[in-house]
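First the structure, in the form of structure tokens, and then the observations on it.
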Amino acid sequence: MGWEQAGRQGAVRSRARSQRGAGLLATATVLVVLVLAGMIVIVLSEGPRVTGPEDGAVLAAADTATEFVLAGAPAGAAGGVELDGAPVHPTAQPDGRQSVALPPLAEGEHRFEWTVPRAWPLPSATARRDFTVDTTPPRVVLDGPLRAEALDRPLTVRGNAGDAVDLRIQDESVPLGDDGAFSVDLPAPPASVHLVATDRAGNTTDRTVPVPVAQAPMRAVHMSALAWSSPTLRDPVLAMVREGRINAVELDIKDESGEVGYASQVPLAQEIGAAKGYYDARQALDELHALGVRVVGRLVAFRDPVLATHAWLTGRHDMVAQTAAGQPWAGGYGSYAFTNFADPDVRRYNIDLATEAAGLGFDDILYDYVRRPDGTLSAMHFPGLQVTPEASIASFLHDTRTAVRPRGALVGASVFGIAASRPEQIAQDIPAIAQAADYIAPMVYPSHWGAGEYGVAAPESQPYDITQRSVADFHTKLGDSGATVVPWLQAFSLRVTYGAEQVRQQVAASADAGSDSFLLWNAACRYDPAALPVVAGG
């Protein structure tokens, strides 16, 4: 071999060594020390690079559909890629990089490693990412059910937010202890408390917790609007107040006829001619409040012939409860008897009346006929109903409480006695209603029970037995909701004559079942004072 040929081969070997050196320098960021002609040369070399979740990252459910991108390896030196110690195969990208999409991963710690071999004398280079998968929202636990003692007292919300790093209550940031504990005082009890807790991974728990207000012991009688306008009926009730036999009066806002007893300023009430002005609401409230009496406003919700008739005749058919054939539902109540509880305008009308009454000073809004018509559900049609009738009724009560709570009123729901065991018959789910109302007022009239109910052979002739057992059942259904039971008791005669003794038995039975409050019903608004004892201090 001549010198010229040897020189060419030497040049080729020199270029090869140069290329190997360039590849070597590209494999990792290392410090290489070369001694050339007595000089020390420091060379920085770039190695494998990984982009994607950072080392120590915490990935939530939405983040796990991500990938690692690999770059920086010399040609032909792809190396090995492992996820939690098991080999995975990267996918080549058009730009020469490689990527690894993360598969679904279990919660906990994980490791991603990319190891690239390098030419001697450098060791192989490894890029590593340790990360954690956390897809579980923080668990927020309250220290017992929320229940306010009164509307004019602060509400303390205490609990533990688990591993949350941020907690907001009513859209305000709340400090968290090292163990996740929190405590915050709200100036007044809202209708519900909204909590949003977020952990390090970004998982969020969003809860709305109802806040019922405790009902002070209430002994009330029913008075219709027309009865209150009559001194003959009103004065005996006021006498019972002054004697300390009752401490509350239930006064109708809107009754079964659809008439509003006072001169309501709600536009729809005026438009349909419902506002009658039988009594002066301001005067009645001032008189009763001056006597230290609680005023419960009874508002008949969905049995409303005035609204239903007007709506149907003006072409607003969706506001009316209908038959399956699309005609106004009548049942045994007459034509245009029931409005459609799922219709937003019907709901708004009743909530507007409730809000107006609360603003006037009614202490409670007690709904009646807050249900669907009784009868076979398949024979009925409620335009716009997207959920079960039971859920729709409960949401209506929730919306009402949200509207009237800032105006200082409680919300009650009058329900059928059978609703405790047969909620679907009239769309009154007691546990669901208990989450939306401050109290439940079951109509447990002995005359309305069939023989054998609750093991009572003749309920109408056994007022204590049937009242005690039915009221106790409602307490059981309420659970730890914080709502209370204020039963409607029978002060009228049907098949059996009911006098003072029968009323006293029901009152005693209710107390023995856990209810120290009650409402007496007599459609004629006449009550025997002897049925109720005088209570010291009212």
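Every value quoted in this text rests on a predicted model; they were computed, and no experiment measured them.
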Inspect the surroundings of [atom1] in [X] and state if more than 12 heavy atoms from other residues, nucleotides or ligands are less than 6.0 Å away.
X	atom1	result
R207	CZ	yes
R158	CZ	no
R139	CZ	no

Test side-chain contact (heavy atoms from CB on, under 4.5 Å) on L353 and K254 and set out the steps.
CA-CA 9 Å; L353 288 172; K254 175 161 69 85; 3.6 Å; yes
Do [X] and [Y] have a side chain donor and acceptor closer than 3.5 Å?
X	Y	answer
Q283	D280	no
S515	H475	yes
E250	H222	yes
S447	Q490	yes
Q215	D364	yes
Y336	D304	no
Q506	Q502	no
S392	R347	yes
E356	Y262	yes

[Y] side chain reached by [X] side chain, heavy atoms, under 4.5 Å:
X	Y	value
P210	H398	no
T323	H381	no
L478	V485	yes
V165	L176	no

Tell me if a side-chain donor or acceptor on R298 pairs with a main-chain N or O of D252 at a distance below 3.5 Å.
no
Is R242 reaching over with its side chain to a backbone N or O of R245, donor-acceptor style, under 3.5 angstrom?
no
Per the ring-ring contact (aromatic ring centres under 6.0 Å, His included) rule, what does the pair list look like for residues 285-304, sequence neighbours excluded?
F302-F396
Using 30° and 60° as the class boundaries, would you call the ring planes of Y333 and W329 parallel, tilted or perpendicular?
tilted
Give the intermediate values and the outcome of side-chain contact (heavy atoms from CB on, under 4.5 Å) for residues D438 and R401.
CA-CA 8 Å; D438 297 296; R401 186 162 68 176; 3.3 Å; yes
Pair I393-V370, side-chain contact (heavy atoms from CB on, under 4.5 Å): steps then yes or no:
CA-CA 7 Å; I393 294 297; V370 58; 3.9 Å; yes
Which of Y369, W488, Y367, W521 passes side chain to side chain donor-acceptor pair (under 3.5 Å) with S414? Answer is W488
With sequence neighbours excluded, what pairs up with A379 under the side chain to side chain contact (heavy atoms under 4.5 Å, CB included) test?
T376
Considering only NZ, NE, NH1 and NH2 on the basic side and carboxylate oxygens on the acidic side, decide whether D286 and R282 come within less than 4.0 Å.
yes
If I compare all heavy atoms of [X] with all of [Y], which pair ends up nearest, and what's the gap?
X	Y	answer
A420	Y454	CB-OH, 4.0 Å
W312	G326	CH2-O, 3.4 Å
D255	S257	OD1-OG, 2.5 Å
P137	T204	CB-O, 3.6 Å
V404	A358	CB-CB, 4.1 Å
T484	R147	CG2-NH2, 2.9 Å

Please step through side-chain contact (heavy atoms from CB on, under 4.5 Å) for the pair V415 and R371, ending with a clear verdict.
CA-CA 8 Å; V415 300; R371 61 177 178 85; over 6 Å; no
